[in-house]
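Each remark here refers to the structure printed beneath this line.
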Amino acid sequence: MEHVLIVDDDVDLATLLAEYLRAEGMQVSLCHDGASGAKTALQGEADIVILDVMMPGTDGIAALRTIREKSDVPVVMLTAKGDDVDRIVGLELGADDYVAKPCTPRELLARIRAILRRLNARSSESTRDF
């Protein structure tokens, strides 16, 4: 069962996404600020992180920097900011995808599955080489 960590200060949206993903068979953890989200992501239990950019305190970009210092866990940036510069910065810092709010839970699920499918394909290819 895939484990998704959602880091978003919008409690209602995070809860809605979590309920949808759980109904699709995923395990979901929630954090509502960037600092605790980065700390939780670095514990290594999540298979993928959904990270909001605009949060008070430690924002998503700072949290992404912290995560990337020690982990290559896939990260999808989820944000209301649709500016090209913001998307480019997130991707250049190591985000695997960038989804503008509002997005449907179904689209987010499809993106999560696509990233995990590619990651699993790479893992099985590298184990076959030995």
Side-chain angles (χ1 to χ4, degrees):
M1 177 183 301
E2 293 98 354
H3 184 178
V4 180
L5 171 61
I6 299 173
V7 184
D8 197 322
D9 64 322
D10 183 338
V11 176
D12 292 336
L13 176 64
T15 302
L16 173 79
L17 292 174
E19 288 173 3
Y20 183 83
L21 296 175
R22 285 181 183 125
E24 293 296 322
M26 295 186 167
Q27 180 182 351
V28 181
S29 298
L30 298 172
C31 289
H32 300 294
D33 65 88
S36 66
K39 181 179 177 182
T40 302
L42 290 173
Q43 291 173 352
E45 296 175 8
D47 296 306
I48 191 165
V49 178
I50 309 303
L51 182 60
D52 184 26
V53 171
M54 295 177 54
M55 292 182 284
T58 303
D59 67 12
I61 297 297
L64 177 62
R65 281 189 181 112
T66 300
I67 293 167
R68 283 294 171 252
E69 287 174 4
K70 298 179 181 172
S71 175
D72 61 355
V73 64
V75 176
V76 175
M77 303 299 287
L78 181 64
T79 184
K81 296 178 90 174
D83 185 24
D84 288 346
V85 173
D86 294 317
R87 284 195 303 267
I88 292 166
V89 168
L91 292 168
E92 286 179 344
L93 288 174
D96 296 276
D97 201 352
Y98 203 102
V99 180
K101 292 178 186 176
C103 75
T104 65
R106 187 173 177 189
E107 177 187 359
L108 185 60
L109 175 63
R111 290 174 181 268
I112 289 168
R113 286 185 172 156
I115 290 168
L116 293 176
R117 192 170 45 247
R118 283 192 302 271
L119 186 66
N120 290 334
R122 283 187 209 138
S123 292
S124 58
E125 284 176 12
S126 65
T127 57
R128 283 185 285 180
D129 292 340
F130 292 106

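We number each residue from 1, following the sequence as shown.
Across all their heavy atoms, Ala63 and Ala38 have their closest contact at O-CB, 4.0 Å. When all heavy atoms are compared, the tightest approach of Val28 to Leu30 is CG1-CD2, 4.3 Å. Across Ile115 and Pro74, no two heavy atoms sit closer than the pair CG2-CB, 3.6 Å. Here the closest non-hydrogen pair linking Ser29 and His3 is OG-NE2, 2.7 Å. Contact detail for Ala46 and Leu5: the closest heavy-atom pair is CB-CB, 3.8 Å. Looking at every heavy atom in both residues, Gly90 comes nearest to Tyr98 through CA-CE1, 4.3 Å.
Between the side chain of Arg22 and the backbone N or O of Gly25, no donor-acceptor pair lies under 3.5 Å. Formation of a donor-acceptor pair under 3.5 Å by the Asp9 side chain with backbone atoms of His32 is not found in this model.
In this structure, Leu109 and Leu21 have side chains that are in contact, with non-hydrogen atoms separated by less than 4.5 Å. Using a 4.5 Å heavy-atom cutoff, the side chains of Leu108 and Val76 are in contact. Under the 4.5 Å side-chain criterion, counting only non-hydrogen atoms from C-beta, Asp96 is not in contact with Arg118. Between Met77 and Ile61 there is a side-chain heavy-atom pair separated by less than 4.5 Å. Between Ile112 and Met26, the closest side-chain pair of non-hydrogen atoms falls below 4.5 Å.
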Fill in: side-chain contact (heavy atoms from CB on, under 4.5 Å) evaluation trace for Lys101 with Asp8
CA-CA 12 Å; Lys101 292 178 186 176; Asp8 197 322; 3.1 Å; yes

Fill in: Check against salt bridge (Lys or Arg N to Asp or Glu O under 4.0 Å), Arg111 and Glu107
CA-CA 6 Å; Arg111 290 174 181 268; Glu107 177 187 359; 2.9 Å; yes

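Atoms CZ and OG1, on Arg65 and Thr58 in that order, are 11.5 Å from each other to the nearest 0.5 Å. One distance of note links CD1 of Ile6 with CG of Asp52; it measures 11.0 Å at 0.5 Å rounding. Distance check: Leu13 CG to Cys103 SG gives 7.5 Å after rounding to the nearest 0.5 Å. Of the inter-residue distances, the one linking Asp72 atom CG with Leu119 atom CG reads 8.0 Å to the nearest 0.5 angstrom.
Hydrophobic cluster membership is shared by Ile67 and Leu93, with clusters built from Ile, Leu, Val, Met, Phe, Trp and Tyr side chains linked at under 4.5 angstrom. Val73 and Leu42 fall into different hydrophobic clusters, where Ile, Leu, Val, Met, Phe, Trp and Tyr are joined by side-chain heavy atoms under 4.5 Å apart, directly or via other members.
Using a 4.0 Å cut-off between a side-chain N of Lys or Arg and a carboxylate O of Asp or Glu, Asp97 and Arg113 do not qualify as a salt bridge.
Partner of Leu78 under the side-chain contact (heavy atoms from CB on, under 4.5 Å) criterion, chosen from Asp10, Val53, Leu17, Val7: Leu17.
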